[in-house]
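Worksheet: one structure, shown below.
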Amino acid sequence: MDSQIDWHAARAALEWQLEMGVTEAISDVPVNRFEQVAPPPMAGISPAVSAPAVPVQPSQSVDPVAEAETAARVAGDLAALKSAMAAFPHCDLQKGARNLVFCDGVPGSSVMIVGEAPGREEDQIGKPFVGRAGKLLDRMLAAIDLGRDHDSAQGVYITNVLPWRPPQNRDPKPTEMAMMLPFLKRHIELAQPKLLVVMGNIPCQALLGKRGITRLRGQWDEAVGLPVLPMFHPAYLLRTPAAKRETWADLLELRAHLDKKA
Ligand code: URA
Ligand code: URA
């Protein structure tokens, strides 16, 4: 080959493609698979004989949700749960992600915040809510004297429904959410919050089985035996500043609930 692309340039090009959400290697010449014809059967052997249908044995088929439940159940602490998620082989998002984004903040805090999934900055750094939406979240929390770097009385603990960034920040698929839900539920058990704040439609779907954040926000609900307060997602507030008014009311409701229980 006479192409002069060096190792560093090739690596930079590859990283750029990963950044853009490319998850699959394909050849550099397009192949029109509609024009491809099946190879002729070998002389004297009918296709039915040469390729018998192999019945799928139920015992060989994998149930990712059941496997996730087992792996999550045996994790005895947060570190073990993170390892179990890293070792979980059935969620393809892991292949396109740089980091597993597990948590930030103070384990044992009364308030546990559940977001959607990591974005670009979160994927790069390995922590939830560190990009623009995360900065807004920090300001929202500070307004009611909460923060991820406070002590556990005023601290928050933060995670997401999915620990890996979906390509191009697309919405999580129902299958991805279903197989990661056992890990999220175990995460909540091990972090032992007194209440959950779920931000946006995706965690409402995962934990409450409901969508329609505009109706759900500000209304206490219940999941996994805990009070749950749905709120708008901070990324939505960045796009729709007028909705900050409702979010301010929800933050005051959260503060009032904490003060009542204190
Ligand atoms: N949005 C989320 O839902 N979670 C993050 O961690 C970052 C952005
Ligand atoms: N849609 C979402 O998913 N989240 C919001 O907070 C608002 C609209």
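Counting starts at 1 for both ligands and their atoms, following the listed order. Fair warning: this is a prediction, and the values are worked out from it, not measured in the lab.
The aromatic rings of His187 and Tyr157 sit perpendicular to each other, their planes meeting at more than 60°, with 30° as the lower class boundary.
Nearest to atom 8 (C) of ligand 1 by heavy atom, out of Gly115, Ala117, Gly134, is Ala117.
Here the CG-CD distance, from Leu237 to Glu246, works out to 9.0 Å after rounding to the nearest 0.5 Å.
Applying the 4.0 Å criterion to heavy atoms of His233 picks out, from ligand 1, the atoms 1 (N), 2 (C), 3 (O). If you number the atoms of ligand 2 from 1 as listed, the ones under 4.0 Å from a heavy atom of Phe232 come out as 6 (O), 7 (C). Near Gly200, with a cut-off below 4.0 Å to any heavy atom, the atoms of ligand 2 are 4 (N), 6 (O). Remark: ligand 2 atoms within the under-4.0 Å shell around heavy atoms of Asn201 are 1 (N), 2 (C), 3 (O), 4 (N). Atoms of ligand 1 found under 4.0 Å from any heavy atom of Pro128 (numbered from 1 in listed order, with element): 6 (O).
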What do the steps show when you test Trp220 against Glu253 for side-chain hydrogen bond (donor to acceptor under 3.5 Å, both in side chains), and what is the final call? CA-CA 10 Å; Trp220 287 97; Glu253 171 60 32; 2.7 Å; yes
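At a heavy-atom distance under 4.0 Å, only side-chain atoms of Glu122, from C-beta outward, approach ligand 1. If you look at Met199 next to ligand 1, there are no close heavy atoms at all, none under 4.0 Å.
The environment of CZ in Arg255 is crowded: more than 12 heavy-atom neighbours from other residues, nucleotides or ligands sit within 6.0 Å.
Closest to atom 7 (C) of ligand 2, if we only count protein heavy atoms, is Tyr236 CG, 3.2 Å. Looking only at protein heavy atoms, the nearest one to atom 4 (N) of ligand 1 is Asn160 OD1, 2.8 Å.
Among Asp221, Val228, Leu226, Val198, the one residue that satisfies the side chain to side chain contact (heavy atoms under 4.5 Å, CB included) test with Leu207 is Val198.
The backbone N or O of Gly131 sits less than 3.5 Å from a side-chain atom of Glu122, completing a donor-acceptor pair.
Salt bridge Asp138/Lys135: absent, no basic N to carboxylate O contact under 4.0 Å.
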